[in-house]
Amino acid sequence: MAKLKQAGIRFDLDTYQWLEAEAEKTRTPISALVREAVALLKTERALIEKMRLQIVAQGVTYPSLKKPVAAINK
């Protein structure tokens, strides 16, 4: 069985109302909707990174493809 961690998440009122409506409409608990959203986000991020690496491997360089570097104050 997978280990689960509990987290408290705060949503703005509009988002929470949408989540409540979606939960009622789909008969899915809000926590399950949030887990599904996180899974989709993780998949999307992995796909974007894979595409970025493919573009860079082809020799294409654009400033927007560079990963941001934190500014160092001296």
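In this structure the side chain of Phe11 reaches within 4.5 angstrom of the side chain of Val34, judged on heavy atoms. Residues Leu40 and Thr43 fail the side-chain proximity criterion, which asks for heavy atoms closer than 4.5 Å.
Atom CD of Gln54 is surrounded by more than 12 heavy atoms from other residues, nucleotides or ligands within 6.0 Å.
Here Arg27 contributes atom CZ and Glu22 contributes atom CD; the two are 13.5 Å apart, rounded to the nearest 0.5 Å. Here OG1 of Thr15 is found 14.5 Å from CZ of Arg10. Values are rounded to the nearest 0.5 Å.
Residues Trp18 and Ile9 share a hydrophobic cluster, clusters being chains of Ile/Leu/Val/Met/Phe/Trp/Tyr side chains in contact below 4.5 Å.
Apart from Met51 itself, the hydrophobic cluster it occupies contains Leu47, where clustering links Ile, Leu, Val, Met, Phe, Trp and Tyr at side-chain heavy-atom distances under 4.5 Å.
Ala32 pairs by the side chain to side chain contact (heavy atoms under 4.5 Å, CB included) definition with Thr28, Pro29, Arg35, not counting sequence neighbours. Partners of Glu20 according to the salt bridge (Lys or Arg N to Asp or Glu O under 4.0 Å) rule, which considers only residues two or more places apart in sequence or in another chain, do not exist here.
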| message | Using the rule given for side-chain contact (heavy atoms from CB on, under 4.5 Å), can you reason through Leu53 versus Val56, listing the C-alpha separation, both sets of side-chain angles and the distance that settles it, and then say yes or no? | response | CA-CA 5 Å; Leu53 291 173; Val56 170; 5.6 Å; no
